[in-house]
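One structure is given here, and the rest of the page talks about it.
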Amino acid sequence: MRLCMLTCRNFRTLSDFQLKFPEQYCAICGKNNAGKTTVVRALQVFFPRHHSPVLDDEDIDYQSSFPVWKNKRKTASEPIELAVQIGLTSTADPGLTRFVDRIIQANTPAEQYYLSVNLRLSKPGNQPEVTVNINEKALGAFESTEIFKRIRTSSVVFYHNSTELDRPMFFHRARRLLPVRLAQLGVEDRAELARAQNAVQRFSKKLAKHNQEELASLLGKLEDKYKVGLTFPQMDFEDVPMEITLAEKDSHVSLDDWGSGTRNRTNVFLTLLNAAKIRDTQIEDERISPVYIIEEPESYLHPSAQAEFGRVLQDLSREFRLQLVVTTHSPYMLNQREPVCNILLERQVYRRQLRETQHVATDGEDWMKPFALALGVDNSEFGPWKDLILAGGSKILLVEGETDKEYFEIMRDERNGVHRLRFDGEIFPYNGKDNLRNAILLKFIIERYRSVFVTFDLDASVDLSRTLTALNLKENVDFFPVGMDEDGKRDIEGLLPDGVMQAVYGVHHDVVRRATSGDATVRKSARASLKKLLLDEFKRTHAFSSQHMKGFWTLASCLNKAARRSS
């Protein structure tokens with residue numbers, strides 16, 4: 001199943017609200033009380049956790065669900081309206097499409113259905129009215145009710161709320177056991193479990209008969225005579241309780257005894273695995289591709305663990321071919337490959353009172369808004385980092401500018417032989433040392449990747465070393481000042497052969513003069529021109545020899561050692 005769209009009117013903070021869900025990994029973000037949980041609650045009206053065929057007050061109640069800021073005496077005639085649109089295909093969802101075929105008595109079953117399920121609660125005390133449209137065709141009351149019941153009782157949506165980590169499912173000797181539904185097991189496993197269940201039932205009947213005779217004998221000693229019946233209850237293995245243990249250094253420890261972060265991630269994976277089994281079951285009338293909704297998966301996790309978990313969840317969403325929707329406050333849980341899949345919610349404010357939830361546009365140049373909100377930084381600061389945030393890969397080498405990147409690419413050339421730079425990740429220019437001063441944003445970038453190395457000109461060392469050290473980075477391990485500790489050589493151009501420097505400086509006197517101008521704009525432009533002229537002269541006269549590459553080979557050696565330590 002694919003969740004396509006949710007439309008709400010007068011449901012809690014969703015006064016006049018419509019939300020389209022992307023097919024890929026989707027992250028819903030926003031400040032506290034922005035409406036993220038309300039969106040999930042609206043979906044649970046159609047796809048409840050408890051799989052009940054009928055609605056009750058826990059699902060939707062007019063008094064508690066109607067927006068509190070509206071004057072109910074004036075709006076008593078306004079209904080609460082909810083609608084969800086889902087997509088089904090006969091290949092991925094035969095468990096539902098075949099049911100739809102039977103209900104609508106389709107002579108020629110369709111390969112794909114779009115179902116719009118609409119719910120209307122007109123006033124307090126009334127029962128909700130349910131109507132269903134299939135491929136934009138309205139169904140009758142009976143057909144609508146039957147399809148609505150089937151959707152509510154099917155495993156079409158799996159939920160995991162990380163903030164309810166300690167809510168028990170089963171208990172055994174003070175241990176919390178996790179349920180695995182029989183329908184989620186393979187066909188062979190289900191058959192084997194059924195045989196075992198029958199054997200247990202036969203033994204329990206035999207045991208009951210023996211104990212019944214003994215108990216009857218004891219009760220017969222009383223004056224009041226009783227006819228004894230003793231049976232074991234029918235054992236239902238629809239939910240199989242299982243205890244999870246995790247091993248570290250060959251020592252198995254119950255999941256209950258691990259930290260909250262480990263427990264949360266493990267439970268998320270278990271639910272994801274169960275959703276995948278529903279999709280892959282060999283029983284076609286039960287096969288559905290579920291949607292998986294996780295509330296605040298970053299709970300209990302350190303930022304570096306959040307970064308890893310966010311990558312893994314997005315990878316698993318693609319690998320398992322499951323639509324995955326998360327609500328989050330973490331930038332690491334946002335969709336970094338497809339920012340358009342991030343949904344930002346905020347509440348309107350009227351006379352200092354919070355009102356309805358609205359969907360904030362985050363397309364085009366507004367892609368960074370969810371990241372900026374989660375990190376607490378200004379949108380404009382994301383400009384230089386956009387390509388880096390959206391890039392794939394796991395290793396990154398940060399260099400000051402485009403000309404620096406060209407020098408590093410020359411260092412990676414195979415013709416350097418044993419002295420070449422062996423870094424196999426992406427080299428990214430951050431365009432000026434000022435972009436390294438934002439510690440919050442830089443920390444996000446560092447934890448976004450598995451391996452990050454930072455280079456900057458030696459003349460900025462005093463300023464930037466302090467910032468990077470505060471992020472637990474180490475000099476000549478994680479960050480590397482570049483240049484020679486001599487006047488005029490405290491940058492990457494300081495590694496150039498003297499002949500290159502003399503050739504450029506001896507010819508372009510006017511550029512050199514402007515590079516020392518008191519006008520900052522003129523000075524900046526001239527220095528950029530000099531960097532380009534020096535690079536061009538270096539490439540024109542370049543040879544892969546110690547005469548030309550000595551300083552670069554020394555830098556490459558330091559970076560290679562650091563890369564080996566991090567691998």
For N435 and W385, which I'm curious about, is there any donor-acceptor pair between the side chains at under 3.5 Å? no
Nearest 0.5 Å, what's the CD-NZ distance between E402 and K532? 11.5 Å
Got a salt bridge between E447 and K443, using NZ or NE/NH1/NH2 to carboxylate O under 4.0 Å? yes
Say whether N264 and S299, considering side chains only, have a donor N or O and an acceptor N or O under 3.5 Å apart. no
Enter the distance from T7:OG1 to L119:CG here, rounded to the nearest 0.5 Å. 12.5 Å
Hey, is D315 close enough to R337 for a salt bridge, meaning N to O under 4.0 Å? yes
I'd like to know if E400 and K433 make a salt bridge, using a cut-off of under 4.0 Å between side-chain N and carboxylate O. no
Centres of the F444 and Y332 rings: under 6.0 Å? yes
Give a yes or no on whether the ring-centroid distance for Y292 and Y25 is below 6.0 angstrom. no
Taking atom types as modelled, find out whether D61 and S64 have a side-chain donor-acceptor pair closer than 3.5 angstrom. yes
Determine, for E409 against R412, whether the closest basic-nitrogen to carboxylate-oxygen distance falls under 4.0 angstrom. yes
Using only heavy-atom distances, determine whether the side chains of Q24 and S317 contain a donor-acceptor pair under 3.5 Å. no
Paired with V454, the side chain to side chain contact (heavy atoms under 4.5 Å, CB included) test is passed by just one of L397, L468, L464, namely L468
E346 and R355 ion-paired at < 4.0 Å: no
Basic-acidic side-chain contact under 4.0 Å: R420, E414: yes
If you look only at distance, which donor and acceptor atoms sit under 3.5 Å apart when one is on a side chain in residues 475-485 and the other is two or more places apart or in another chain?
residue, atom, partner, partner atom, Å
D478, OD2, K474, N, 2.8
D485, OD1, R490, NE, 3.1
D485, OD1, R490, NH2, 3.2

Should T328 and E298 be marked as a side chain to side chain donor-acceptor pair (under 3.5 Å) after you check the CA-CA gap, both sets of side-chain angles, and the distance that decides it? CA-CA 7 Å; T328 184; E298 71 274 12; 3.0 Å; yes
If the test is side chain to side chain contact (heavy atoms under 4.5 Å, CB included), which one of L398, L442, I445 qualifies with Y430? L398
Roughly how far, to the nearest 0.5 Å, is the OG atom of S154 from the CG atom of L96? 5.0 Å
Is there a donor-acceptor contact under 3.5 Å linking the side chains of Q358 and Q348? yes
Report the C-alpha separation of E296 and S162 in whole Å, then their side-chain angles, then the decisive distance to 0.1 Å, and conclude whether the side chain to side chain donor-acceptor pair (under 3.5 Å) test is met. CA-CA 6 Å; E296 301 186 27; S162 299; over 6 Å; no
Got a donor-acceptor contact below 3.5 angstrom from the N560 side chain to the R422 backbone? yes
Between E23 and R2, does any side-chain N to carboxylate O distance fall below 4.0 Å? yes
Check step by step if salt bridge (Lys or Arg N to Asp or Glu O under 4.0 Å) holds for E493 and K531. CA-CA 7 Å; E493 286 78 18; K531 289 177 74 72; 2.9 Å; yes
Do S461 and S465 have side-chain atoms, one donor and one acceptor, less than 3.5 Å apart? yes
